[in-house]
Amino acid sequence: MELINLKAIPIAYERNVYHLNKKEWNVIKKIKYRKPKQGFFLSKTTSLLENKTLSSLKKSIIEKANEYTRDVLEINDQIYLTQSWSTLNTTDAFHIPHDHPNTFISLVYYAQCKDGSISFELNTTSIRECFNFQYTINKFNVYNSQHWTLPMKTGDMVLFPGHIRHRSLPNKFSEPRIIVGANFFIKGVLGLKENVNFLII
(Lines give C-alpha, C1' and ligand atoms only; values in the text may rest on other atoms or scores of the structure.)
Protein backbone atom coordinates (compact mmCIF):
# COMPACT_ATOMS: atom_id res chain seq x y z
CA MET A 1 0.00 0.00 0.00
CA GLU A 2 1.44 3.36 -1.04
CA LEU A 3 0.74 6.60 0.75
CA ILE A 4 0.36 10.28 -0.14
CA ASN A 5 0.49 12.70 2.80
CA LEU A 6 -1.53 15.52 1.29
CA LYS A 7 -1.37 18.21 3.99
CA ALA A 8 -0.95 15.34 6.49
CA ILE A 9 -4.16 13.78 5.16
CA PRO A 10 -3.46 10.07 4.59
CA ILE A 11 -4.58 9.07 1.11
CA ALA A 12 -3.62 5.43 0.52
CA TYR A 13 -3.83 3.46 -2.70
CA GLU A 14 -2.88 0.03 -3.97
CA ARG A 15 -2.64 -1.31 -7.51
CA ASN A 16 -4.17 -4.56 -8.80
CA VAL A 17 -5.74 -5.51 -5.48
CA TYR A 18 -8.73 -7.42 -6.80
CA HIS A 19 -10.23 -8.56 -10.11
CA LEU A 20 -13.82 -9.73 -10.42
CA ASN A 21 -14.65 -13.25 -11.57
CA LYS A 22 -17.55 -14.08 -13.92
CA LYS A 23 -20.13 -14.61 -11.16
CA GLU A 24 -19.19 -11.33 -9.52
CA TRP A 25 -19.37 -9.52 -12.85
CA ASN A 26 -22.86 -10.86 -13.41
CA VAL A 27 -23.93 -9.21 -10.15
CA ILE A 28 -22.25 -5.91 -11.07
CA LYS A 29 -23.84 -5.89 -14.53
CA LYS A 30 -27.32 -6.35 -13.07
CA ILE A 31 -27.09 -3.42 -10.65
CA LYS A 32 -30.08 -1.09 -10.90
CA TYR A 33 -29.26 2.61 -10.97
CA ARG A 34 -31.14 5.76 -10.12
CA LYS A 35 -32.06 8.27 -12.80
CA PRO A 36 -28.74 9.37 -14.35
CA LYS A 37 -27.33 12.89 -14.17
CA GLN A 38 -25.34 13.66 -17.34
CA GLY A 39 -24.03 10.13 -17.70
CA PHE A 40 -23.36 9.61 -13.99
CA PHE A 41 -25.29 6.67 -12.52
CA LEU A 42 -25.57 5.92 -8.78
CA SER A 43 -26.84 2.51 -7.66
CA LYS A 44 -30.21 2.21 -5.95
CA THR A 45 -28.70 -0.09 -3.34
CA THR A 46 -26.52 1.20 -0.51
CA SER A 47 -25.71 -2.31 0.71
CA LEU A 48 -24.19 -3.79 -2.45
CA LEU A 49 -21.54 -5.84 -0.62
CA GLU A 50 -24.22 -7.74 1.31
CA ASN A 51 -24.79 -9.75 -1.87
CA LYS A 52 -23.37 -13.21 -1.04
CA THR A 53 -21.78 -13.55 -4.48
CA LEU A 54 -19.61 -10.53 -3.66
CA SER A 55 -18.43 -11.96 -0.32
CA SER A 56 -14.83 -12.31 -1.54
CA LEU A 57 -14.75 -8.69 -2.72
CA LYS A 58 -16.32 -7.58 0.57
CA LYS A 59 -13.63 -9.48 2.50
CA SER A 60 -10.86 -7.82 0.47
CA ILE A 61 -12.34 -4.35 0.97
CA ILE A 62 -12.74 -4.84 4.73
CA GLU A 63 -9.17 -6.19 4.99
CA LYS A 64 -7.80 -3.11 3.21
CA ALA A 65 -9.84 -0.76 5.41
CA ASN A 66 -8.54 -2.51 8.53
CA GLU A 67 -4.97 -2.36 7.18
CA TYR A 68 -5.37 1.38 6.58
CA THR A 69 -6.68 1.87 10.13
CA ARG A 70 -3.98 -0.27 11.71
CA ASP A 71 -0.88 0.51 9.62
CA VAL A 72 -1.51 4.01 8.25
CA LEU A 73 -3.58 5.74 10.93
CA GLU A 74 -1.95 3.48 13.55
CA ILE A 75 -4.93 3.46 15.90
CA ASN A 76 -6.42 0.50 17.77
CA ASP A 77 -10.06 1.56 17.37
CA GLN A 78 -12.35 -0.77 15.46
CA ILE A 79 -14.21 0.13 12.27
CA TYR A 80 -17.21 -1.39 10.52
CA LEU A 81 -18.78 -1.21 7.07
CA THR A 82 -21.77 1.15 6.95
CA GLN A 83 -22.66 1.52 3.24
CA SER A 84 -21.58 0.06 -0.09
CA TRP A 85 -22.73 1.07 -3.55
CA SER A 86 -21.72 1.37 -7.19
CA THR A 87 -21.41 4.19 -9.67
CA LEU A 88 -21.16 4.06 -13.45
CA ASN A 89 -19.74 6.78 -15.69
CA THR A 90 -20.46 6.69 -19.41
CA THR A 91 -18.23 8.52 -21.91
CA ASP A 92 -17.32 12.06 -20.71
CA ALA A 93 -19.29 11.58 -17.47
CA PHE A 94 -17.73 12.44 -14.11
CA HIS A 95 -18.56 12.79 -10.42
CA ILE A 96 -18.81 16.33 -9.06
CA PRO A 97 -16.78 17.42 -5.97
CA HIS A 98 -18.29 15.98 -2.79
CA ASP A 99 -17.45 14.45 0.57
CA HIS A 100 -19.02 11.66 2.61
CA PRO A 101 -20.79 12.92 5.77
CA ASN A 102 -21.09 10.57 8.76
CA THR A 103 -18.12 8.59 7.48
CA PHE A 104 -14.75 7.88 9.10
CA ILE A 105 -13.05 6.15 6.14
CA SER A 106 -14.08 5.87 2.49
CA LEU A 107 -12.80 3.32 -0.02
CA VAL A 108 -13.16 3.23 -3.80
CA TYR A 109 -12.56 0.02 -5.77
CA TYR A 110 -12.23 0.32 -9.55
CA ALA A 111 -14.14 -2.65 -10.94
CA GLN A 112 -13.85 -1.47 -14.56
CA CYS A 113 -11.62 1.41 -15.48
CA LYS A 114 -9.44 1.60 -18.60
CA ASP A 115 -8.03 4.87 -17.40
CA GLY A 116 -9.52 7.19 -14.83
CA SER A 117 -8.53 9.57 -12.08
CA ILE A 118 -9.74 10.62 -8.66
CA SER A 119 -8.93 14.15 -7.54
CA PHE A 120 -8.74 15.33 -3.91
CA GLU A 121 -9.39 18.98 -3.09
CA LEU A 122 -8.28 21.21 -0.20
CA ASN A 123 -9.47 24.64 0.92
CA THR A 124 -5.88 25.83 0.78
CA THR A 125 -2.36 24.45 0.46
CA SER A 126 0.00 23.73 3.36
CA ILE A 127 2.27 26.66 2.54
CA ARG A 128 -0.64 29.11 2.15
CA GLU A 129 -2.31 28.20 5.42
CA CYS A 130 -0.45 30.78 7.55
CA PHE A 131 0.51 33.26 4.83
CA ASN A 132 -1.96 33.38 1.98
CA PHE A 133 0.61 34.35 -0.65
CA GLN A 134 0.30 33.55 -4.34
CA TYR A 135 3.52 31.62 -4.88
CA THR A 136 5.16 30.99 -8.24
CA ILE A 137 5.17 27.20 -8.44
CA ASN A 138 8.21 25.54 -9.95
CA LYS A 139 6.93 21.97 -9.55
CA PHE A 140 3.65 20.87 -7.99
CA ASN A 141 3.92 18.73 -4.86
CA VAL A 142 1.85 17.88 -1.76
CA TYR A 143 2.92 21.12 -0.03
CA ASN A 144 2.01 23.65 -2.72
CA SER A 145 -0.99 21.92 -4.37
CA GLN A 146 -4.62 22.66 -3.60
CA HIS A 147 -5.74 19.46 -5.30
CA TRP A 148 -4.05 16.18 -6.06
CA THR A 149 -5.00 13.71 -8.78
CA LEU A 150 -4.38 9.95 -8.74
CA PRO A 151 -4.64 7.91 -11.95
CA MET A 152 -6.56 4.67 -11.36
CA LYS A 153 -7.20 1.51 -13.37
CA THR A 154 -9.18 -1.73 -13.09
CA GLY A 155 -8.35 -3.58 -9.87
CA ASP A 156 -7.03 -0.54 -7.97
CA MET A 157 -8.27 0.68 -4.58
CA VAL A 158 -7.93 4.05 -2.85
CA LEU A 159 -8.72 4.88 0.80
CA PHE A 160 -9.11 8.28 2.47
CA PRO A 161 -10.87 10.05 5.35
CA GLY A 162 -14.55 10.57 4.53
CA HIS A 163 -14.49 14.34 5.11
CA ILE A 164 -12.04 15.02 2.24
CA ARG A 165 -13.64 16.52 -0.85
CA HIS A 166 -12.99 14.50 -3.99
CA ARG A 167 -14.26 14.06 -7.52
CA SER A 168 -13.74 11.84 -10.53
CA LEU A 169 -12.42 13.18 -13.82
CA PRO A 170 -14.33 12.56 -17.09
CA ASN A 171 -14.31 9.05 -18.52
CA LYS A 172 -12.61 9.36 -21.90
CA PHE A 173 -13.45 5.86 -23.14
CA SER A 174 -16.53 4.23 -24.66
CA GLU A 175 -16.40 1.51 -21.99
CA PRO A 176 -18.22 2.61 -18.81
CA ARG A 177 -16.13 3.25 -15.73
CA ILE A 178 -17.59 1.27 -12.82
CA ILE A 179 -16.56 1.61 -9.20
CA VAL A 180 -17.66 0.03 -5.94
CA GLY A 181 -17.65 2.44 -3.02
CA ALA A 182 -17.62 1.63 0.68
CA ASN A 183 -17.90 3.74 3.82
CA PHE A 184 -16.70 2.80 7.29
CA PHE A 185 -17.40 4.22 10.73
CA ILE A 186 -15.68 3.76 14.06
CA LYS A 187 -17.13 1.71 16.94
CA GLY A 188 -16.39 0.90 20.56
CA VAL A 189 -15.11 3.02 23.43
CA LEU A 190 -13.51 6.41 22.72
CA GLY A 191 -11.83 8.79 25.14
CA LEU A 192 -11.56 8.71 28.93
CA LYS A 193 -14.03 9.61 31.69
CA GLU A 194 -11.37 11.64 33.51
CA ASN A 195 -10.80 13.71 30.36
CA VAL A 196 -14.54 14.39 30.10
CA ASN A 197 -14.63 12.94 26.57
CA PHE A 198 -15.76 9.35 27.20
CA LEU A 199 -18.01 7.99 24.47
CA ILE A 200 -19.37 4.59 23.49
CA ILE A 201 -20.38 4.22 19.86
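Numbering of residues begins at 1 and proceeds along the displayed sequence. Both backbone and side-chain heavy atoms feed into the values below; hydrogens, waters and symmetry mates do not. Owing to the predicted nature of the structure, the values given are computational and were not obtained by experimental measurement.
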* Asked: Short question: side chain of D156, backbone of K153 - any donor-acceptor pair under 3.5 Å?
  -> yes
Would you list the atom pairs, donor with acceptor, under 3.5 Å between side chains in residues 70-77 and any protein atom, with sequence neighbours excluded?
none

* Asked: I186, L199: one ILVMFWY side-chain cluster at the under-4.5 Å cut-off?
  -> yes
* Asked: Nearest 0.5 Å, what's the OG1-CD distance between T90 and Q38?
  -> 10.0 Å
* Nearest atoms (heavy-atom pairs only) where S117 meets P151 -> OG-CA, 3.6 Å
* Asked: Can you hop from L169 to I164 via hydrophobic side chains spaced under 4.5 Å?
  -> no
* Side chain to side chain, I79 and F104, heavy atoms closer than 4.5 Å -> yes
* Can you name the nearest heavy-atom pair linking P161 to P10, along with the distance? -> CD-O, 3.5 Å
* So how far is it from F184 CZ to S84 OG, rounded to the nearest 0.5 Å? -> 8.5 Å
* Asked: In Å and rounded to the nearest 0.5 Å, what is the NZ to NZ distance from K30 to K32?
  -> 11.0 Å
* Asked: Do the side chain of N89 and the main chain of N171 share a donor and acceptor less than 3.5 angstrom apart?
  -> no
* Would you please name every residue forming a side-chain contact (heavy atoms from CB on, under 4.5 Å) with S43, sequence neighbours left out? => I31, Y33, T45, W85, S86
* Give a yes or no on whether N197 atom CG has more than 12 heavy-atom contacts from other residues, nucleotides or ligands under 6.0 Å away. => yes
* Structure fact -> The side-chain contact (heavy atoms from CB on, under 4.5 Å) partners of N138 (sequence neighbours excluded) come to none
* Structure fact -> Residues at least two apart in sequence or cross-chain that pass side chain to side chain donor-acceptor pair (under 3.5 Å) with H147, listed by chain then number, are none
* **Whether N51 side chain and L48 backbone form a donor-acceptor pair below 3.5 Å** => no
* Worked verdict on L107 versus Y68 for side-chain contact (heavy atoms from CB on, under 4.5 Å) -> CA-CA 10 Å; L107 180 150; Y68 176 85; over 6 Å; no
* Structure fact -> So the side chain to side chain donor-acceptor pair (under 3.5 Å) pairs with at least one residue in residues 183-194 (sequence neighbours excluded) are Q83-N183, H100-N183, T103-N183, S106-N183
* Asked: Would one find more than 12 heavy atoms of other residues, nucleotides or ligands at under 6.0 Å from atom CG of N123?
  -> no
* Could you check F140 against T125 for side-chain contact (heavy atoms from CB on, under 4.5 Å), going step by step and ending with a plain yes or no? => CA-CA 11 Å; F140 285 103; T125 68; over 6 Å; no
* May I have all residue pairs that pass salt bridge (charged side-chain N to carboxylate O under 4.0 Å, His left out) and include part of residues 158-174, sequence neighbours excluded? => D92-K172, E121-R167
* On the 0 to 90° scale, with breaks at 30° and 60°, tag the F120-F160 ring pair as parallel, tilted or perpendicular. => perpendicular
* **Approximate separation, where rounding is to 0.5 Å, of I178 CD1 and K29 NZ** => 8.5 Å
I'd like a table of donor-acceptor pairs (distance under 3.5 Å, sequence neighbours excluded) in which one partner is a side-chain atom from residues 58-66, with atom names and distances.
from: K58; atom 1: NZ; to: E50; atom 2: OE1; distance (Å): 3.3
from: K58; atom 1: NZ; to: E50; atom 2: OE2; distance (Å): 3.2
from: K64; atom 1: NZ; to: E14; atom 2: OE1; distance (Å): 3.0
from: K64; atom 1: NZ; to: E14; atom 2: OE2; distance (Å): 3.2
from: K64; atom 1: NZ; to: E67; atom 2: OE1; distance (Å): 3.2
from: N66; atom 1: ND2; to: I62; atom 2: O; distance (Å): 3.3

* To do: Consider only side-chain heavy atoms of I, L, V, M, F, W and Y, link residues closer than 4.5 Å, and tell whether I96 and V158 are in one cluster.
  => no
* **Partners passing side-chain contact (heavy atoms from CB on, under 4.5 Å) against K22 (at least two apart in sequence or in another chain)** => none
* State the CZ-CZ distance between F133 and R128, to the nearest 0.5 angstrom. => 10.5 Å
* Asked: Does anything in residues 130-146 pair up under salt bridge (charged side-chain N to carboxylate O under 4.0 Å, His left out), and if so which pairs, sequence neighbours excluded?
  -> none
* Asked: Passes side-chain contact (heavy atoms from CB on, under 4.5 Å), R15 versus M152? Steps please.
  -> CA-CA 8 Å; R15 306 297 185 190; M152 308 301 286; 3.4 Å; yes
* To do: Give a yes or no answer on whether the side chain of H166 reaches the backbone of H98 with a donor-acceptor pair at less than 3.5 Å.
  => yes
* T136 OG1 to N144 CG distance, which is reported to the nearest 0.5 Å -> 11.0 Å
* Asked: Between Q146 (side chain) and L122 (backbone), is there a donor-acceptor pair under 3.5 Å?
  -> yes
* Per the side chain to side chain contact (heavy atoms under 4.5 Å, CB included) rule, which among T154, V17, L159, L57 passes with Y109? -> L57
* With Y143 via side chain to side chain donor-acceptor pair (under 3.5 Å) - residues at least two apart -> none
* To do: Could you tell me which non-hydrogen atom of G116 sits nearest to which non-hydrogen atom of R177, and how far apart they are?
  => CA-NH1, 3.7 Å
* Other than V189, which residues form its hydrophobic cluster under the rule that side-chain heavy atoms must be closer than 4.5 Å? -> F198, I200
* **Any I179 side-chain heavy atom under 4.5 Å of C113 side chain** => no
* **ILVMFWY network linking F94 to L42, side-chain heavy atoms under 4.5 angstrom** => no
* **Side-chain heavy-atom pair V27, L20 within 4.5 angstrom cut-off** => no
* Do S145 side-chain atoms and V142 backbone N/O form a donor-acceptor pair below 3.5 Å? -> no
* **salt bridge (charged side-chain N to carboxylate O under 4.0 Å, His left out) partners of residues 36-48, not counting sequence neighbours, each pair once** => none
* Asked: Quick check: are there more than 12 heavy atoms from other residues, nucleotides or ligands sitting under 6.0 Å from CZ of F131?
  -> no
